[in-house]
Amino acid sequence: MSEPILIVALGGSVCGLDPHTGAWRWKNALPGGGFGEVAISVQDGYVIASATGPVVYCLDSKTGAELWHSHTEKPGRATILVQDELVYVAKTGVVDCFDIDGRLLWSQQLPGLGSGRLALGFPRNVVQADDIGSR
């Protein structure tokens with residue numbers, strides 16, 4: 001089994017750090033993917049990531065190399081869930097479903113539910129929407 005890498009996402013980039021020393025292993029700036037907050041889903045061998053642009057990326061978790069990228073229906077803060085080799089990305093009131101190779105399988109708008117951050121879930125696999133708190 002290979003040495004684990006701590007995955008960190010911030011400012012439109014995803015980085016891999018040594019979990020014992022904090023040393024940089026790699027950085028991927030997600031070219032064309034937007035800036036700011038980055039949603040990630042860390043899996044065995046790969047990381048699914050999406051910043052604010054209408055793009056989702058799959059990166060090699062050991063090297064940070066891009067394995068594929070695909071366009072999402074909308075830009076915005078993403079919620080990402082991986083289940084049964086399918087990648088679900090929710091942004092701005094739309095859920096996109098990709099296969100594990102990055103091919104778009106379907107896209108579903110959620111009319112009448114708003115365009116805020118979305119929560120996604122299957123039994124024992126839930127990703128909550130960000131809690132932006134009261135203002």
Checklist entry - More than 12 foreign heavy atoms under 6.0 Å from CG of L10: is that the case here? => result no
Checklist entry - For the atom pair CG (L17) and CD1 (I5), what is the distance rounded to the nearest 0.5 Å? => result 9.0 Å
Checklist entry - Is a side-chain N or O of T52 found less than 3.5 angstrom from the main chain of F35, in a donor-acceptor match? => result yes
Item to check | salt bridge (charged side-chain N to carboxylate O under 4.0 Å, His left out) pairs, two or more places apart, involving residues 7-19 | outcome: D18-R25
Checklist entry - Under 3.5 Å, side chain of S61 to main-chain N/O of V47, donor-acceptor pair present? => result no
Item to check | Pair K62 + D60, salt bridge at N-O below 4.0 Å | outcome: no
Checklist outcome for this item: Residues P4 and P19: closest non-hydrogen pair is O-CD, 3.2 Å
Item to check | Approximate separation, where rounding is to 0.5 Å, of D84 CG and D99 CG | outcome: 13.5 Å
Checklist outcome for this item: Between the OH atom in Y46 and the CG atom in L59, the distance rounded to the nearest 0.5 Å is 12.0 Å
Checklist entry - Which atoms form the tightest heavy-atom contact between A9 and V38, and what is the distance? => result CB-CB, 3.6 Å
Checklist entry - Going by atom types only, do S50 and K91 share a side-chain donor-acceptor pair under 3.5 Å? => result yes
Checklist entry - Got V89 and T79 here, is their nearest side-chain heavy-atom distance under 4.5 Å? => result no
Checklist entry - Sub-3.5 Å donor-acceptor pair from the side chain of D101 to the main-chain atoms of R103, do we have one? => result no
Checklist entry - Hey, is the main chain of E73 close enough, under 3.5 Å, to the side chain of S107 for a donor-acceptor pair? => result no
Next on the checklist: Working to the nearest 0.5 angstrom, can you tell me the gap between E66 CD and C58 SG?
Outcome noted: 9.0 Å
Checklist entry - With distance as the sole test, does Y57 use its side chain to make a donor-acceptor pair with the main-chain N or O of A49 at under 3.5 Å? => result no
Next on the checklist: Just verifying a value: how many Å separate W26 CH2 and C15 SG, rounded to the nearest 0.5 Å?
Outcome noted: 7.0 Å
Checklist entry - Looking at F122 versus Y88, is the centre-to-centre ring distance below 6.0 Å? => result yes
